[in-house]
Amino acid sequence: MKARYSIFSLARNALNYHQDWRQAWRSPEPKSEYDVVIVGGGGHGLATAYYLAKEHGITNVAVVEKGWLGGGNTGRNTTIVRSNYLWDESAAIYEHSLKLWEGLSQELNFNVMFSQRGIMNLAHNQHELRELHRRINAIRLNGIDSEILNVEQIKAFCPILNCSPTARHPVLGASLQRRGGTARHDAVAWGYARGADSRGVDIIQNCEVTGFRISNGRVQGIETTKGYIGAKKVACVTAGHSGVMAGLAGFRLPIESHPLQALVSEPVKPVLDTVVMSPAVHVYVSQSDKGELVLGAGIDAYNSYAQTGSPLVVEHQLNALVELFPIFSRLRVLRQWAGIVDTCPDASPIIGKMPVEGLYFNCGWGTGGFKATPGSGWVMAYTVAQDRPHPLNAPFGLERFTSGYLIDEHGAAGVAH
Ligand code: FAD
Ligand code: PYC
């Protein structure tokens with residue numbers, strides 16, 4: 001009965017040209033003041049709004065986005081989700097996030113297409129293999145699933161991968177996190193937006209924040225292209241532009257902004273049912289539900305805010321892809337793009353209070369924050385609501401850059417930077 005209803009509903013919607021569809025969220029004019037304003041309508045900002053409303057009962061909240069929801073890194077990333085990080089602090093926060101992913105479609109009543117197809121990290125030399133073993137041991141000690149595959153097991157798991165011993169960089173082994181995988185990036189933003197809106201959060205798009213009003217060391221509100229909006233608390237979740245926003249608030253962050261490029265191929269029939277990452281040959285690749293191969297590069301070497309690709313990086317990605325998967329040698333590129341990632345010196349994020357009272361930042365996720373979206377929003381909501389970090393994000397405060405307690409996760413990033 002349910003299936004028949006779905007077919008009729010699909011046919012009806014296909015024929016009515018999307019007319020009379022209910023809006024998934026409202027587009028209200030901003031109020032003069034909110035309890036909390038969240039700057040940035042990416043996945044992390046929207047998740048923060050959702051959990052503020054749901055977990056803390058704080059609903060007098062606005063999310064202010066300069067463009068459209070998910071138009072930043074959320075809609076530009078290669079959607080890899082995993083929790084196989086080296087240090088205990090990272091393992092805890094990324095695993096918390098992965099557990100939230102596992103129930104997210106049900107939680108939001110919105111299909112975020114989370115697919116636990118496994119994620120394999122390849123080792124191409126003895127040093128990498130030893131390093132993978134060390135990491136797997138650390139990851140397993142934290143109770144997170146991870147295993148080592150030998151070449152025969154890799155061939156069985158991913159038959160189209162070139163495992164020839166005569167390859168330029170032969171595959172010697174791999175780590176596998178079976179609970180890792182991919183999700184539909186836009187859907188994550190839309191699901192959180194819908195959930196937040198239904199709890200009373202105002203989502204305000206096409207509204208750029210141009211300044212902060214601060215008096216006596218405390219934030220009073222934000223200047224925007226739609227006028228001044230008062231706020232008791234402001235949470236800045238503006239990946240790619242966190243340094244700019246900190247500058248507007250009068251302080252500096254240990255952050256550098258770089259483009260990170262990605263591309264997709266023309267769609268083909270299902271041929272790759274897992275995610276493969278190779279830090280040495282340097283490419284990461286999965287196949288989307290539409291059939292496109294989704295692949296990415298290392299960060300561009302220079303600082304920039306330009307969200308465009310460049311032929312050299314595209315060429316490197318394709319060389320690496322074909323080296324690992326000769327079967328793709330005649331596949332054509334469909335489109336390519338870049339996002340701007342904020343990187344910290346230790347490749348870990350900054351989540352917490354800032355030198356201005358009532359101002360909180362969540363940034364520095366670099367090349368790896370998509371996987372953290374639910375967990376990041378969850379801890380950020382706690383931090384803003386309680387005016388103190390949750391134990392999960394306490395190690396990721398700004399003060400670690402003066403205390404020296406850095407959490408170096410360059411090796412876990414899997415993306416060169
Ligand atoms: P965003 O989605 O960028 O949201 C920030 C928002 O702030 C933007 O929408 C922006 O418009 C808005 N904003 C900025 N300034 C202002 C302002 N002044 N006023 C109002 N709004 C403003 N991570 C993974 O875990 N797995 C991956 O496979 C992966 N692949 C990636 C591939 C690429 C090519 C890129 C670029 C990134 C990748 N990442 C990956 C990283 C990941 O995309 C980000 O860490 C994550 O999406 C950050 O989410 P966010 O919500 O914080 O940021
Ligand atoms: O963090 O897993 C990751 C990732 C893969 C590609 C870009 N980031």
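Values below: every heavy atom of this structure, side chains too, minus hydrogens, waters and symmetry copies. Sequence positions, counted from 1, serve as the residue numbers for this chain. Ligands are counted one by one from 1 in listed order, and the atoms in each one are counted from 1 as well.
Of all atoms in ligand 1, numbered sequentially from 1 with element shown, those under 4.0 Å from a heavy atom of G366 are 41 (C), 45 (O). Listed by number with element, the atoms of ligand 1 under 4.0 Å from a non-hydrogen atom of V64 are 20 (C), 21 (N). Shown in contact with K371 at under 4.0 Å from a heavy atom are these atoms of ligand 2, numbered in order with element: 1 (O), 2 (O), 3 (C). Close approach of ligand 1 to R76 is summarised as follows: ligand atoms under 4.0 Å from at least one heavy atom of the residue are 33 (C), 34 (C). Each of the atoms 27 (C), 28 (O) of ligand 1 lies under 4.0 Å from some heavy atom of T79. Heavy-atom proximity to W365, at under 4.0 Å, picks out these atoms of ligand 1: 45 (O). Which parts of ligand 1 touch V237 is read off a 4.0 Å heavy-atom cut-off, strictly below it: atoms 5 (C), 7 (O). Near T367, meaning under 4.0 Å from one of its heavy atoms, ligand 2 places the atoms 1 (O), 4 (C), 7 (C), 8 (N). Set against the non-hydrogen atoms of E208, the atoms of ligand 1 under 4.0 Å away are 18 (N), 19 (N). Below 4.0 Å from some heavy atom of G368 lie the following atoms of ligand 2, by number and element: 1 (O). Atoms of ligand 1 lying under 4.0 Å from at least one heavy atom of C207, given by number and element, are 20 (C).
Heavy-atom contacts from other residues, nucleotides or ligands closer than 6.0 Å to CZ of R26 number more than 12. Shown here is Q106, whose CD atom has no more than 12 heavy atoms of other residues, nucleotides or ligands within 6.0 Å. The environment of W337 atom CH2 is dense: over 12 non-hydrogen atoms of other residues, nucleotides or ligands sit within 6.0 angstrom. Environment of OH in Y405: sparse, with no more than 12 heavy atoms of neighbouring residues, nucleotides or ligands closer than 6.0 Å.
A donor-acceptor pair shorter than 3.5 Å can be found between the side chains of S278 and H124. R218 and N216 are not linked by any side-chain donor-acceptor pair at a separation below 3.5 angstrom, with hydrogens and angles left out of the test.
Taking both residues in full, the closest heavy atoms of Y85 and S90 are given as CB-CB, 3.6 Å, listed atom of the first, atom of the second, then distance. V39 approaches T238 most closely through the heavy-atom pair O-CG2, 3.5 Å.
Ligand 1 has a nitrogen or oxygen under 3.5 angstrom from a nitrogen or oxygen of F370. Residue W337 has no nitrogen or oxygen atom sitting less than 3.5 Å from a nitrogen or oxygen atom of ligand 1, judged on distance alone. In terms of polar-atom proximity, T78 is not counted as a contact of ligand 2, lacking any N or O under 3.5 Å from an N or O of the ligand. For ligand 1, the polar-atom distance check against N73 finds a nitrogen or oxygen pair separated by under 3.5 Å. Ligand 1 has no nitrogen or oxygen under 3.5 angstrom from a nitrogen or oxygen of I340. For ligand 1, the polar-atom distance check finds no N/O of G70 at less than 3.5 Å from any of the ligand's N/O atoms. Residue-to-ligand polar distances place K66 within reach of ligand 1: an N/O pair is separated by less than 3.5 Å. The N/O atoms of Y284, backbone and side chain alike, include none that comes under 3.5 Å of an N/O atom in ligand 2. Considering backbone and side-chain atoms alike, A262 places every N or O at 3.5 Å or more from each N or O of ligand 1. Between G71 and ligand 1, no N or O atom pair is found at a separation short of 3.5 Å. Between Q261 and ligand 1, no N or O atom pair is found at a separation short of 3.5 Å. Checked by distance only, ligand 1 and K371 come closer than 3.5 Å through their nitrogen or oxygen atoms.
Cation-pi contact between R194 and F110: absent, since separation from the ring centre below 6.0 Å together with deviation from the ring axis within 45° is not met.
Between the CG atom in L46 and the OH atom in Y192 there is a gap of 10.0 Å [rounded to 0.5 Å]. Atom CD1 of residue I119 and atom OG of residue S175 lie 8.0 Å apart, to the nearest 0.5 angstrom. Expressed to the nearest 0.5 Å, how far CH2 of W365 lies from OG of S242 amounts to 12.0 Å. Atom CH2 in W190 sits 9.0 Å away from atom NE2 in H185 (nearest 0.5 Å).
Residue contacts with ligand 1 include G43, since one of its heavy atoms falls under 4.0 Å from the ligand. Judged by the shortest distance from any of its heavy atoms, G296 lies outside the 4.0 Å radius around the atoms of ligand 1. Look at P259 and you'll find every heavy atom at least 4.0 Å from all atoms of ligand 1.
Residue contacts with ligand 1, taken as heavy atom pairs separated by less than 4.0 Å, do not involve T210 at all. With a 4.0 Å heavy-atom cut-off, ligand 1 is reached by no atom of V244.
Remark: minimum distance from atom 30 (N) of ligand 1 to any protein heavy atom is reached at T78 OG1, 2.9 Å. Here the heavy atom of the protein found nearest to atom 13 (N) of ligand 1 is T238 CG2, 3.8 Å. Counting protein heavy atoms only, atom 40 (C) of ligand 1 is closest to T367 O, 2.9 Å. The protein non-hydrogen atom at the shortest distance from atom 43 (O) of ligand 1 is N77 CB, 3.1 Å. Ranking protein heavy atoms by distance to atom 2 (O) of ligand 1, first place goes to T74 OG1, 2.5 Å. Of all protein heavy atoms, the one lying nearest to atom 4 (O) of ligand 1 is G42 CA, 3.4 Å. Looking only at protein heavy atoms, the nearest one to atom 35 (C) of ligand 1 is L260 CD2, 3.4 Å.
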Q: Verify salt bridge (Lys or Arg N to Asp or Glu O under 4.0 Å) between K99 and E102, making sure each step is shown before the conclusion.
A: CA-CA 5 Å; K99 291 212 171 93; E102 288 174 333; over 6 Å; no
Q | K31/N60 under side-chain hydrogen bond (donor to acceptor under 3.5 Å, both in side chains): CA gap, chis, key distance, verdict | A | CA-CA 10 Å; K31 294 188 219 164; N60 186 22; 2.9 Å; yes
Q | Stepwise side-chain hydrogen bond (donor to acceptor under 3.5 Å, both in side chains) check, Q177 with D145 | A | CA-CA 6 Å; Q177 183 175 24; D145 69 304; 3.0 Å; yes
Q: Starting from the C-alpha separation in whole Å, work towards a yes-or-no answer on ring pair (Phe, Tyr, Trp, His ring centres under 6.0 Å) for W101 and F370.
A: CA-CA 11 Å; W101 276 112; F370 177 68; 5.3 Å; yes
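Side-chain atoms of T78 never come within 3.5 Å of backbone atoms of I80 as a donor-acceptor pair (strictly under, hydrogens ignored).
When the heavy-atom distances from atom 6 (C) of ligand 1 to Q307, M245, E65 are ranked, the shortest goes to E65. Of the candidates G45, G40, A239, A239 brings a heavy atom nearest to atom 48 (C) of ligand 1.
Side chains of M245 and F212 form a contact here, defined as non-hydrogen atoms less than 4.5 Å apart.
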Return all side-chain donor-acceptor pairs below 3.5 angstrom for residues 308-319, not counting sequence neighbours, or 'none' if the list is empty.
| unit_1 | atom_1 | unit_2 | atom_2 | d |
| --- | --- | --- | --- | --- |
| S310 | OG | Q261 | NE2 | 2.9 |
| Q317 | NE2 | L295 | O | 3.2 |

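Classification of R140 and E147 as a salt-bridged pair fails, no side-chain N sitting under 4.0 Å from a carboxylate O.
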